[in-house]
Amino acid sequence: MMALIFYALQLRAQHKFPQLVEEDSIGFTSIFDGETLNDWEGDPTYWRVEDGNIIGEVTSETLLKRNSFLIWRGGQPADFELKLEYKVSKSGNSGINYRSVEVEDTPHALKGYQCDIDGGGRWSGQNYEERGRKFLALRGQFSQIKNQTEPQAYGTIGDKDDLLEFINDEDWNICHIIVRDNTMVHIINGQVMSVVIDNDEENRKNKGLIGVQVHTGPPMTIAYRNIRLKEY
């Protein structure tokens, strides 16, 4: 009888439904030591470490003619999760590239998938393919790409402007990118922002470089910290 009661209590204690994960650090490895740019490569005009953060800065004296990346040289992940925190200035435009390749004869340039970031809130969270097919999913879209066709939105995650309310203005945000097989999920502060299924066998990439970006345009600052990677 006691065994039956104990079993019933165990069943009652178990959650019926998936529960929101507050913090999952199991299997993640830091890829930024908080002090140096070891294993990272970029133009020192734009990238430095300050107060435990990677800082990307464009000033009025160093305006860019093309986007420039700080590239992680520790590998070319295929299936992975990437977690980091970022803070961008109001005029800032940046992004986190993954499964990317270097552009031939163009230093510190990447081509590939990007979790977009901007201080104005127009693009943050979307999936944009740098130097490629461009807009794969806007913020709020669940999209799919078939062979050699334009991306198509199959559903919505939420209204683009409503989702912006989850993103902190000129303050720290937590970004979580999940990439498994041909599916890519962008999450900011616990809210899914975009999902892409890439079935375009000719143009999709199955592995590649990770990098962070400073963008052409007005002076800007982007800060990154607590960068962690889990590969599968």
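Residue indices begin at 1 and follow the sequence shown. Predicted model only: the values in this text are computed from it and were never measured.
- Residue pairs meeting the salt bridge (Lys or Arg N to Asp or Glu O under 4.0 Å) criterion with at least one member in residues 31-52, sequence neighbours excluded, are Glu41-Arg73, Arg48-Glu50, Arg48-Glu57.
- A donor-acceptor distance shorter than 3.5 angstrom exists from the side chain of Lys83 to the backbone of Asp24, with no hydrogens or angles considered.
- At least one donor-acceptor pair closer than 3.5 Å links the side chain of Lys230 to the backbone N or O of Ile26.
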Report the C-alpha separation of Ser100 and Phe69 in whole Å, then their side-chain angles, then the decisive distance to 0.1 Å, and conclude whether the side-chain contact (heavy atoms from CB on, under 4.5 Å) test is met.
CA-CA 11 Å; Ser100 295; Phe69 285 84; over 6 Å; no

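- No donor-acceptor pair under 3.5 Å is formed between the side chain of Asn199 and the backbone N or O of Asn147.
- The backbone N or O of Asp118 sits less than 3.5 Å from a side-chain atom of Ser124, completing a donor-acceptor pair.
- Val21 shares a hydrophobic cluster with no other residue; no ILVMFWY side chain has heavy atoms under 4.5 Å from its own.
- Listed by chain and residue number, Asp116, Trp123, Tyr128, Phe135, Leu138 satisfy the side chain to side chain contact (heavy atoms under 4.5 Å, CB included) test with Gln126 (two or more places apart in sequence, or in another chain).
- A distance-only check finds no donor-acceptor pair linking the side chain of Glu104 to the backbone of Glu102 [under 3.5 Å].
- The hydrophobic cluster containing Met220 also contains Ile117, counting ILVMFWY residues as joined when their side-chain heavy atoms lie under 4.5 angstrom apart, directly or transitively.
- Within the structure, every pair that satisfies the salt bridge (Lys or Arg N to Asp or Glu O under 4.0 Å) test and touches residues 217-229, not counting sequence neighbours, is listed here: Glu23-Arg228, Glu85-Arg225.
- Side chains of Glu130 and Asn97: no donor on one and acceptor on the other come within 3.5 Å.
- Linking Ile, Leu, Val, Met, Phe, Trp and Tyr whenever their side-chain heavy atoms come within less than 4.5 Å leaves Trp47 and Ile71 in two separate clusters.
- In this structure Ser91 satisfies the side-chain hydrogen bond (donor to acceptor under 3.5 Å, both in side chains) test with no other residue, sequence neighbours excluded.
- Of the possible polar contacts, one joining the Ser194 side chain to the Gly125 backbone as a donor-acceptor pair under 3.5 Å is found.
- Residue Gly121 comes nearest to Arg139 through the heavy atom pair O-NH2, 2.9 Å, listed as atom of the first residue, atom of the second, then distance.
- Contacts of Val49 classified as side chain to side chain contact (heavy atoms under 4.5 Å, CB included), with partners at least two apart in sequence or in another chain: Phe32, Leu37.
- The side-chain hydrogen bond (donor to acceptor under 3.5 Å, both in side chains) check on Tyr98 picks up Asn127, His186, with sequence neighbours excluded.
- Considering only residues two or more places apart in sequence or on other chains, Asp162 meets the side chain to side chain contact (heavy atoms under 4.5 Å, CB included) condition with Asp159.
- Scored by the side chain to side chain contact (heavy atoms under 4.5 Å, CB included) test, Leu82 finds Ile31, Phe80, Leu84, Ile96, Ile177, Ile210, Ile227, Leu229 as partners (sequence neighbours excluded).
- A distance-only check finds a donor-acceptor pair linking the side chain of Arg99 to the backbone of Ala78 [under 3.5 Å].
- Membership of the apolar cluster around Val192 extends to Phe142, Tyr154, Ile157, Ile178, Val185, Ile187, Val195, Ile197, as traced through chained side-chain contacts below 4.5 Å between ILVMFWY residues.
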Glu129/Val196 under side-chain contact (heavy atoms from CB on, under 4.5 Å): CA gap, chis, key distance, verdict:
CA-CA 11 Å; Glu129 188 176 46; Val196 171; over 6 Å; no

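- Trp72 and Leu209 fall into different hydrophobic clusters, where Ile, Leu, Val, Met, Phe, Trp and Tyr residues are linked whenever their side-chain heavy atoms come under 4.5 Å apart, directly or through other members.
- Both Tyr113 and Val214 belong to a common hydrophobic cluster when Ile, Leu, Val, Met, Phe, Trp and Tyr are linked at side-chain heavy-atom distances under 4.5 angstrom.
- Every pair passing salt bridge (Lys or Arg N to Asp or Glu O under 4.0 Å) that includes a residue from residues 165-188 is listed here, sequence neighbours excluded: Lys90-Asp169.
- Judged by distance alone, with hydrogens and angles left aside, the side-chain atoms of Lys160 form a donor-acceptor pair with the main-chain N or O of Arg122 at under 3.5 Å.
- By the rule that hydrophobic residues join a cluster once side-chain heavy atoms approach within less than 4.5 Å of another member, Tyr46 and Val212 end up as members of one cluster.
- Take Asn203 and apply the side-chain hydrogen bond (donor to acceptor under 3.5 Å, both in side chains) test, not counting sequence neighbours, and it matches Asp200.
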